Peer 1: 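Before anything else, here's the structure in question.
Order of the sequence lines sets the chain letters (A, B, ...), proteins ahead of strands, with each chain counted from 1. What you see is a predicted model, and the numbers here were worked out from it, not measured in a lab.
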Amino acid sequence: MTNTRPVNYPSTWKKPPLIESDLVRRGLWFGFAIYLALALGTIDVNWHRVAEGIPRGQKFLAAFFPPDITSRWDSILDGILESIWMTVISTVVGIALSVPFGLGAARNLAPRPVYLFCRAVIAISRTFPEVILAIFAVKLFGFGPFAGFIALSIGTIGFYAKLLAEDIEDMDPVQAEAIRSTGASWFQWVNYAVQPQVMPRMIGLAVYRLDINFRESAVVGIVGGGGIGATLLTAFDRYEFDSAAAILLIIIFIVMILEYTSGYLRKWVQ
Amino acid sequence: MAVIETSQGPEWKRRTTRQQWYIWFGWLVGTAIVVFSFKLISDKTIWFFVTDAGTQAMDMASRMVPPKWSYMDNLWRPVWDTINIATIGTLLALIMAVPVAFLAARNTTPHPTVRAAALFIIVSSRSINSLIWALMLVAIIGPGVFAGIIAIALRSIGFCAKLLYESIEEIDSKQVEAITATGAGRSQRLAYGVVPQILPAFAGISVFRWDINIRESTVLGLVGAGGIGLQLDASISTLAWTQVSLILLVVLGTVIVSEWVSAKVRHAII
């Protein structure tokens, strides 16, 4: 029998860190600290101007209690309705255009060149924010809601076609094979094997995109794309903070309704 | 599925007559809404500009090539500013989002009224686009990077807090119970029972939001809030299309790099 010394169990305990390697963790913190120092060093904040803005900010906050809906009601209503129509039609057209791109961007469906082309289109439309798309749409189609509609439709393609393609790639191949073995043509195959599998999720995503498009429709107006954004910009330019507050509250209200309904609908579909 | 009795015996149909009518009616209403919205939009459109858009696009494209590479010297600083806006904005947002998330999660909130208030903060921050936040902040505290940072931060609170409180609600309650059984107080319970469980989600959310913020901060300059959007706005309004194409390429590059970084980091964490 050997004489073993009692093992020294640690008497204290420390939480294990998220990143296990000591070197990597310290290195990351160090690098981050350097970056932060550099970044904060290059930001020149005009504190004088900021201090000047504080009373204006208070005035703006005060404008929310109560917001002035009535005095600009006509243009607010006009802007809101324009935004809503723009949202509806850009979602419908965007999704209609996404279907071919989505089918083309699914690896298990499309031949290689088609796949690459569709993926490239999706990547480009995803990269540029709706606002940049809207700037170009305004340049090409002139001021007004039509430009906003084009920008939002293109934005929808990037979002919807990508998710559609991913959903198709994740589908159950057994069902697809079963339909194919009945001698179905390509269109029949897509219609009876692919579409039923992706449909529930796609309806949910369509409602979700409607929600996003409404939010974005408030923004495209800032660059001339029509809708409530244009009204909001005018209100800010005239320093009519109480009308601006009213518009913001209306936007929040509509988004809340949309989000609630879309959540409910998605639950109901699935 | 429905079986309809006919004189020739039962006939199998996918839907009952009533369901068929409901679906038909749904399509009718949907189509009517779409056609109606399109009419309203087209009333506000000058169709001459739209039919002219093809030539305009070709013209613009021909003026955009080749990109004016020498302009790149003026772009390094805006790119740096854009990244700073996104990064520091995300940091500020996280600092504010964490308490909001803990107040909004059903299992950590001190009181239902507090929860309702936290949820309202989340919804209002989420429903207003960062460009609109920037518009407001530029009106209040003046143009510049600072307004952009605050805009990004205010916009991101809702997003981060929402995802974070959802992951707090999904934690394993047994671990918290075990910590409670050792006699831990409220704050110890949070630190040792809840925080370790949500730390990976937290890291994932921050990187994900940072990626989105890079994309959004590229356009903040359009309303004067700093970043590369300022150059884009200036180049478009002076019709310097060769600079515009270079800026678009830079935006594309920045977004792709940030997307790659965020995907790598999230992959490493999860």
Peer 1: Can you tell me how far the CZ atom of B:F146 sits from the CH2 atom of A:W47, to the nearest 0.5 Å?
Peer 2: 4.0 Å
Peer 1: Which atoms of A:F32 are under 4.5 Å from chain B, going by heavy atoms: the side chain, the backbone, both sets, or neither?
Peer 2: side chain
Peer 1: With B:T82, which residues qualify under side chain to side chain contact (heavy atoms under 4.5 Å, CB included), at least two apart?
Peer 2: B:S217, B:T218, B:I228
Peer 1: Determine whether B:M136 and A:F241 satisfy the following criterion, side-chain contact (heavy atoms from CB on, under 4.5 Å), listing intermediate values before the conclusion.
Peer 2: CA-CA 9 Å; B:M136 282 193 261; A:F241 285 156; over 6 Å; no
Peer 1: Can you establish whether the number of heavy atoms outside A:R49 located under 6.0 Å from its atom CZ is more than 12?
Peer 2: yes
Peer 1: Which value, rounded to the nearest 0.5 Å, describes the distance between A:I252 atom CD1 and B:I128 atom CD1?
Peer 2: 4.0 Å
Peer 1: Please walk me through it: do B:E259 and A:R126 pass salt bridge (charged side-chain N to carboxylate O under 4.0 Å, His left out)?
Peer 2: CA-CA 11 Å; B:E259 200 161 84; A:R126 260 169 59 77; 3.3 Å; yes
Peer 1: Please determine, among B:L222, B:D233, B:I256, the option with the most heavy-atom pairs under 4.5 Å with chain A.
Peer 2: B:L222
Peer 1: Highest number of heavy-atom pairs under 4.5 Å with chain B: which of A:T127, A:L248, A:D211?
Peer 2: A:T127
Peer 1: Does any backbone or side-chain atom of A:I222 lie under 4.5 Å from a heavy atom of chain B? Answer side chain, backbone, both or neither.
Peer 2: side chain
Peer 1: How far apart are the closest heavy atoms of B:M60 and A:L140, and which atoms are they?
Peer 2: CE-CD2, 3.8 Å
Peer 1: Hey, which of B:V195, B:L135, B:D59 has the most heavy atom pairs under 4.5 Å with chain A?
Peer 2: B:L135
Peer 1: Report yes if some heavy atom in the side chain of B:I141 is under 4.5 Å from a heavy atom in the side chain of A:E52; otherwise report no.
Peer 2: no
Peer 1: With only heavy atoms counted, which part of B:E216 is less than 4.5 Å from chain A, the side chain, the backbone, both or neither?
Peer 2: neither
Peer 1: Highest number of heavy-atom pairs under 4.5 Å with chain A: which of B:V35, B:L131, B:I83, B:D81?
Peer 2: B:L131
Peer 1: Name the region of B:L232, side chain, backbone, both or neither, that has any atom closer than 4.5 Å to a heavy atom of chain A.
Peer 2: side chain
Peer 1: Taking atom CG of B:L28 as the centre, does the number of heavy atoms from other residues, nucleotides or ligands within less than 6.0 Å exceed 12?
Peer 2: yes
Peer 1: Can you say whether A:F236 sits under 4.5 Å from chain B via the side chain, the backbone, both, or neither, judging by heavy atoms?
Peer 2: side chain
Peer 1: Can you pull out the residues in residues 214-221 of chain A with any heavy atom less than 4.5 Å from chain B?
Peer 2: A:R215, A:E216, A:A218, A:V219
Peer 1: Where does A:L81 contact chain B at under 4.5 Å (heavy atoms): side chain, backbone, both or neither?
Peer 2: neither
Peer 1: Assess whether side-chain contact (heavy atoms from CB on, under 4.5 Å) is satisfied between B:N84 and A:Y35, documenting all intermediate values.
Peer 2: CA-CA 9 Å; B:N84 287 342; A:Y35 164 74; 2.6 Å; yes
Peer 1: Does the pair A:T42 and B:R77 meet the rule for a side-chain contact (heavy atoms from CB on, under 4.5 Å), with working shown?
Peer 2: CA-CA 10 Å; A:T42 52; B:R77 181 63 202 264; 4.0 Å; yes
Peer 1: Should B:I140 and A:V50 count as side-chain neighbours, where that means a heavy-atom distance under 4.5 Å?
Peer 2: no
Peer 1: Which atoms of B:R126 are under 4.5 Å from chain A, going by heavy atoms: the side chain, the backbone, both sets, or neither?
Peer 2: both
Peer 1: Under 4.5 Å, heavy atom to heavy atom, which residues of residues 243-253 of chain B contact chain A?
Peer 2: B:V244, B:L248, B:V251, B:L252
Peer 1: Can you tell me if A:Y208 has over 12 outside heavy atoms packed within less than 6.0 Å of its OH?
Peer 2: no
Peer 1: Chain B: which of A:F143, A:F128, A:F149 shares the most heavy-atom pairs with it under 4.5 Å?
Peer 2: A:F128
Peer 1: Just verifying a value: how many Å separate B:S127 OG and A:I250 CD1, rounded to the nearest 0.5 Å?
Peer 2: 13.0 Å
Peer 1: Output the residues of residues 83-96 of chain A for which the shortest heavy-atom distance to chain B is under 4.5 Å, in residue-number order; output 'none' if no such residue exists.
Peer 2: A:W85, A:M86, A:V88, A:I89, A:V92
Peer 1: Checking B:V34 against chain A: side chain, backbone, both or neither under 4.5 Å from a heavy atom?
Peer 2: both
